[in-house]
Amino acid sequence: MKNECYIVRDLLPSYIDQLCSDESKQFIEQHMAHCESCSHMLYQMKEELNVVEQRDLPLRMEQKKPFEKVSRFLKAQLDFTKFLKVSFGLSLLITLILLVFAFTNLAEWQENQQEQQRVEQEQQDIMDKTFAAILAQGMPDEAALQSVFEQYQEQLEHIALFASEDTENTPTWQQGPMTTFPVDYKKALIVVGENGNMTEAIVPNDYDIGTMVMANEEWVVQFEYKESYLPTVENAHQIKHYFPTVWQLFSMPTVFTIITLFIFTIWLYQKRIMKPMETTIG
Ligand SMILES: [Zn+2]
């Protein structure tokens, strides 16, 4: 064995592990090319290393298992955090769209409510003014009734006055106008229309929203809307009874706001418990 062989053999472990410098590597390989003894030594060392590795492999796999479980668990947790983040984003987007939609409709909704209140207030005003006209005169007179009619010519076909005792099923007193009991015009004391007192027979409007009645203990006032004004009255009726309330208008955005906050809370919580784990994984 030459001196060179000692140096080469000292370097072999580093050479096998590919840890030696390029110069050393070159030196070893040049030596191996002509030294059979060192070549054989290298071959043996590699063989031995393979045997050791194969023997230890199952054990090392077994040792890796719990770590794999933990890392799989952590990965699932990270995936869940990502899922929460995406869900939160989507839910927030849907909430915002629903809110914009609700607020866009709110303006129209408010207009409709105002229109409905205006029609209802108008009904009350017509009745109040008619009763005030009757009571002011002591005895009802045509001119007083006609003056009320003229204020509402655009809306009304006619106003009729009845004595309570002449009508059937008359409630003794009502707080406001109602549509429930049409009265036979033949029994009316006075009926005023476009040209003052009306004497010809009047066919009651069979459209019951178009006929309004209000009574006190002594008198019953009934008026009929003009055909041209009926769509306005019908519209107000629809708004009052069938339109969504503010709550209904905002129910979907409210529900989605709650869902979004819920997801956000879980996400924050998940992020908090994941924080120390993330630093552990590196
Ligand atoms: Zn040698």
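Each residue takes its place number in the sequence, starting with 1.
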Count I, L, V, M, F, W, Y as connected when their side-chain heavy atoms are under 4.5 Å apart, and connections chain through other members. Are [X] and [Y] then in the same cluster?
X: Ile134; Y: Tyr152; answer: yes
X: Leu230; Y: Val119; answer: yes
X: Ile97; Y: Leu92; answer: no
X: Ile258; Y: Leu98; answer: no
X: Val233; Y: Ile159; answer: yes

Mark yes or no for whether [X], through its side chain, and [Y], through its backbone, hold a donor-acceptor pair below 3.5 Å.
X: Ser147; Y: Ala144; result: yes
X: Thr81; Y: Lys271; result: no
X: Ser24; Y: Cys20; result: no

On a heavy-atom basis, which atom in [X] and which in [Y] lie closest, and how many Å separate them?
X: Asn197; Y: Val191; value: OD1-O, 2.9 Å
X: Pro177; Y: Met127; value: CG-CG, 3.8 Å
X: Glu218; Y: Asn216; value: N-OD1, 2.8 Å
X: Phe131; Y: Met214; value: CZ-O, 3.4 Å
X: Ile16; Y: Met45; value: CD1-CB, 3.7 Å
X: Lys226; Y: Leu156; value: CG-O, 3.4 Å

When rounded to the nearest 0.5 angstrom, what is the spacing between [atom1] in [X] and [atom2] in [Y]?
X: Phe88; Y: Trp267; atom1: CZ; atom2: CH2; result: 6.0 Å
X: Leu84; Y: Leu268; atom1: CG; atom2: CG; result: 10.0 Å
X: Phe262; Y: Ser91; atom1: CZ; atom2: OG; result: 11.0 Å
X: Trp109; Y: Asn112; atom1: CH2; atom2: CG; result: 9.5 Å
X: Met212; Y: Ile209; atom1: CE; atom2: CD1; result: 9.5 Å
X: Thr211; Y: Met178; atom1: OG1; atom2: CE; result: 12.0 Å

Taking the side chain as everything from C-beta on, heavy atoms only, tell me whether [X] gets closer than 4.5 Å to [Y].
X: Leu145; Y: Thr130; value: yes
X: Gln77; Y: Lys82; value: no
X: Phe103; Y: Leu106; value: yes
X: Pro140; Y: Ile190; value: yes
X: Phe223; Y: Glu157; value: no
X: Gln270; Y: Ile273; value: yes
X: Val70; Y: Phe73; value: no
X: Asn105; Y: Glu108; value: yes

Go through it in stages, so that I can follow the logic: the residues are Gln121 and Asp125, the test is side-chain hydrogen bond (donor to acceptor under 3.5 Å, both in side chains), and I'd like the CA-CA distance, side-chain angles, deciding distance and then a yes or no. CA-CA 6 Å; Gln121 186 58 50; Asp125 289 347; 3.0 Å; yes
Begin with the C-alpha distance, continue with both residues' side-chain angles, and end with the deciding distance and a verdict on side-chain hydrogen bond (donor to acceptor under 3.5 Å, both in side chains) for His158 and Tyr185. CA-CA 11 Å; His158 51 254; Tyr185 283 99; 3.0 Å; yes
Applying side-chain contact (heavy atoms from CB on, under 4.5 Å), run through Met32 and Val8 and close with a yes or a no. CA-CA 9 Å; Met32 291 288 176; Val8 167; 4.0 Å; yes
How about [X] and [Y]: does a side-chain donor come under 3.5 Å of a side-chain acceptor?
X: Arg9; Y: Ser37; result: yes
X: Ser251; Y: Thr254; result: no
X: Glu122; Y: Gln155; result: yes
X: Thr95; Y: Thr257; result: no
X: Glu48; Y: Gln44; result: no

Would a line drawn from the ring center of Phe250 to the ring center of Phe256 be shorter than 6.0 Å?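 Judged by ring-centre distance (under 6.0 Å), Phe250 and Phe256 do not meet the cut-off.
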Flag the pair Glu120 and Lys240 as a salt bridge only when some basic side-chain nitrogen lies within less than 4.0 angstrom of an acidic carboxylate oxygen.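 Salt bridge present between Glu120 and Lys240.
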Looking at Lys75 and Asp79, does any basic side-chain N land under 4.0 Å from a carboxylate oxygen?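 Yes, this pair counts.
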Verdict with reasoning, Gln116 to Gln238, per side-chain hydrogen bond (donor to acceptor under 3.5 Å, both in side chains): CA-CA 9 Å; Gln116 187 272 326; Gln238 293 284 335; over 6 Å; no
Aromatic rings Tyr229 and Tyr225: how do their planes relate, parallel, tilted or perpendicular, breaks at 30° and 60°?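 Rings of Tyr229 and Tyr225: tilted, as their planes differ by 30° to 60°.
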Apply side-chain contact (heavy atoms from CB on, under 4.5 Å) to residues Phe162 and Val221 and explain how you reach the verdict. CA-CA 6 Å; Phe162 303 81; Val221 170; over 6 Å; no
Criterion side-chain contact (heavy atoms from CB on, under 4.5 Å) on Asn3 and Tyr6, from CA distance to verdict: CA-CA 5 Å; Asn3 263 350; Tyr6 287 110; 4.2 Å; yes
Passing option when Val220 is tested against Leu161, Leu189, Val213 for side-chain contact (heavy atoms from CB on, under 4.5 Å):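 In the set Leu161, Leu189, Val213, the residue that makes a side-chain contact (heavy atoms from CB on, under 4.5 Å) with Val220 is Val213.
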If you count heavy atoms of other groups shown closer than 6.0 angstrom to CD of Glu68, is the number above 12?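 Counting neighbours around CD of Glu68, more than 12 heavy atoms of other residues, nucleotides or ligands fall under 6.0 Å, so yes.
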